[in-house]
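Remarks on the structure that follows.
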Amino acid sequence: MSGAGEPHLRALQLPVVEAAQALVGCTITHGSTSGVIVETEAYHDSEPACHAFVGITARTKTLFEPAGVAYVYRSYGIHALLNVVVEPAGVGAAVLIRALEPLTGADLMRERRGREPLTELCSGPGKLTQALGIGLDLNATPLLGGPIELGPPPPGRSEPPLVIGSRIGITRAVELPWRFCAAGSRHVSRPWPRGLLA
DNA sequence: CATGGGATTGACT
DNA sequence: GTCAATCCCATGC
């Protein structure tokens, strides 16, 4: 099955930095809640900001699996963060999903997160997992045909231009421009960086 | 076995 | 703007 046409399937075949760009505009669904990806970051085992930089451990083994599974880990002891594992088995690489534009189930999202404006329900990596009900138990589950479903962009949507920036909240390899946002989206975790357009 | 540090968020000065 | 919450896990003794 080469030459997959749909963007979300194509993304799973690309190197991580290109996959991070290709995933913006695709959808994430868990149960009755879903959203359009508007912000991503790339992480690769060749650079020290990536968990997989230290090699295969109990924590990082999911990152080294074949493309198409979820890497869900606990951040700051509180939040679950969702990544899309990409690249071949043996390479530790994943795309962090940092923000979604809610598509379905906003009412349930508000039940889980409290009353909030639509633009703030999924505007952060820890917020969107809470809004969609994604927990650590879903680590290493498949993103095609699994509990979390990675899907193509909603019909009729054109792929937006991207804004490129530095990754947020890390202390190492901060210079890599591996953060990608949908230009103009009001659902991102933070205002876009100094706007370079892809 | 003890310890330090987060790919964050929300509340507060 | 600052800061605490909270827990898994990588590292070091």
Side-chain angles (χ1 to χ4, degrees), chain A residues 11 15-21 23-24 28 33 35 37-65 67 69-87 91-102 109-141 143 148 150 162-182 185-193:
Chain A
V16 65
V17 176
E18 294 166 50
Q21 299 173 58
L23 284 172
V24 175
I28 295 285
T33 53
I37 299 170
V38 295
E39 180 179 350
T40 62
E41 286 176 2
Y43 288 87
H44 188 272
D45 63 22
S46 61
E47 46 89 15
C50 182
H51 294 164
F53 185 69
V54 299
I56 299 178
T57 66
R59 181 197 203 188
T60 66
K61 63 181 179 186
T62 306
L63 286 167
F64 292 86
E65 292 190 10
V69 302
Y71 170 52
V72 186
Y73 75 97
R74 187 171 296 292
S75 173
Y76 290 91
I78 303 171
H79 305 288
L81 270 57
L82 171 66
N83 297 250
V84 175
V85 173
V86 296
E87 304 217 14
V91 180
V95 176
L96 172 66
I97 307 302
R98 284 195 57 90
L100 302 176
E101 175 183 337
M109 292 183 190
R110 285 199 178 88
E111 278 183 35
R112 289 169 172 153
R113 280 196 47 77
R115 268 182 79 129
E116 281 189 308
L118 194 65
T119 52
E120 292 174 26
L121 280 176
C122 298
S123 57
K127 293 172 157 191
L128 69 92
T129 53
Q130 187 188 5
L132 298 215
I134 293 170
L136 298 187
D137 53 314
L138 297 179
N139 183 41
T141 58
L143 289 164
I148 308 170
L150 175 66
L162 298 182
V163 186
I164 305 176
S166 300
R167 294 174 295 181
I168 307 264
I170 57 171
T171 58
R172 298 187 290 182
V174 292
E175 72 284 359
L176 293 174
W178 284 5
R179 176 183 179 223
F180 306 98
C181 298
S185 175
R186 286 162 295 146
H187 302 264
V188 295
S189 66
R190 301 199 186 179
W192 324 289

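Labels below follow one simple rule: chain letters A, B, ... track the order of the sequence lines, proteins then strands, and each chain is numbered from 1. Owing to the predicted nature of the structure, the values given are computational and were not obtained by experimental measurement.
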According to the side-chain hydrogen bond (donor to acceptor under 3.5 Å, both in side chains) rule, which pairs have a member within residues 69-78 of chain A, sequence neighbours left out? A/H51-A/Y71
Show your working on side-chain contact (heavy atoms from CB on, under 4.5 Å) between A/H187 and A/C122 and close with a plain yes or no. CA-CA 7 Å; A/H187 302 264; A/C122 298; over 6 Å; no
Between atom OG1 of A/T119 and atom CZ of A/R186, what is the distance when rounded to the nearest 0.5 Å? 7.5 Å
Among all residues two or more places apart in sequence or in another chain, which pass the salt bridge (charged side-chain N to carboxylate O under 4.0 Å, His left out) test with A/E101? A/R157
Touch class at under 4.0 angstrom, heavy-atom based, for A/R172 against every strand present: nothing
With sequence neighbours left out, what residues match A/R167 under salt bridge (charged side-chain N to carboxylate O under 4.0 Å, His left out)? A/E47
Using a 4.0 Å heavy-atom cut-off, does A/I170 contact any base of the nucleic acid, only the sugar-phosphate backbone, or nothing at all? sugar-phosphate
Partners of A/R113 by salt bridge (charged side-chain N to carboxylate O under 4.0 Å, His left out), sequence neighbours excluded? A/E116
Residues touching DNA chain C, which here means a heavy atom under 4.0 Å, drawn from residues 115-132 of chain A: none
Output for pair (A/R98 CZ, A/K127 NZ), nearest 0.5 Å, gives 10.5 Å
At what distance, to the nearest 0.5 angstrom, does CD1 of A/I97 lie from OG1 of A/T129? 11.5 Å
Could you give the start and end, 5' to 3', of the contact zone on DNA chain B for chain A, using atoms under 4.0 Å from its heavy atoms? B/dG6 to B/dG10
All N/O donor-acceptor pairs, side-chain side in residues 169-176 of chain A, below 3.5 Å, sequence neighbours left out:
residue : atom : partner : partner atom : Å
A/R172  : NE   : A/P48   : O            : 3.4
A/R172  : NH2  : A/P48   : O            : 3.0

Given Watson-Crick and G-U pairs under 3.5 Å, DNA chain B in dot-bracket ([ ] crossing, | other strand) is ||||||.|||||.
How long is the straight-line distance from CG of A/L150 back to CG of A/L23, given to the nearest 0.5 Å? 6.0 Å
Judged by atom type as modelled, is there a donor-acceptor pair below 3.5 Å linking the side chain of A/Q21 to the main-chain atoms of A/L162? no
Return the CG to CG distance between A/L82 and A/L136, rounded to the nearest 0.5 Å. 11.0 Å
Work out which heavy atom in A/I28 is nearest to a heavy atom in A/L132; give both atom names and the distance. CG2-CD1, 3.9 Å
Tell me every residue that passes side chain to side chain contact (heavy atoms under 4.5 Å, CB included) with A/A52, counting only those two or more places apart in sequence or in another chain. A/D45, A/C50, A/L63, A/F64
Report the residues that fulfil side chain to side chain contact (heavy atoms under 4.5 Å, CB included) with A/T57, sequence neighbours left out, ordered by chain and then residue number. A/V54, A/R59, A/T60
Among residues 41-53 of chain A, which residues get a heavy atom nearer than 4.0 Å to DNA chain B? A/Y43, A/A49, A/H51
Readout for nucleotides 3-13 of chain C: B = base within 4.0 Å of protein heavy atom, S = sugar-phosphate only, - = neither; 5' to 3' it is --BBB-SSS--
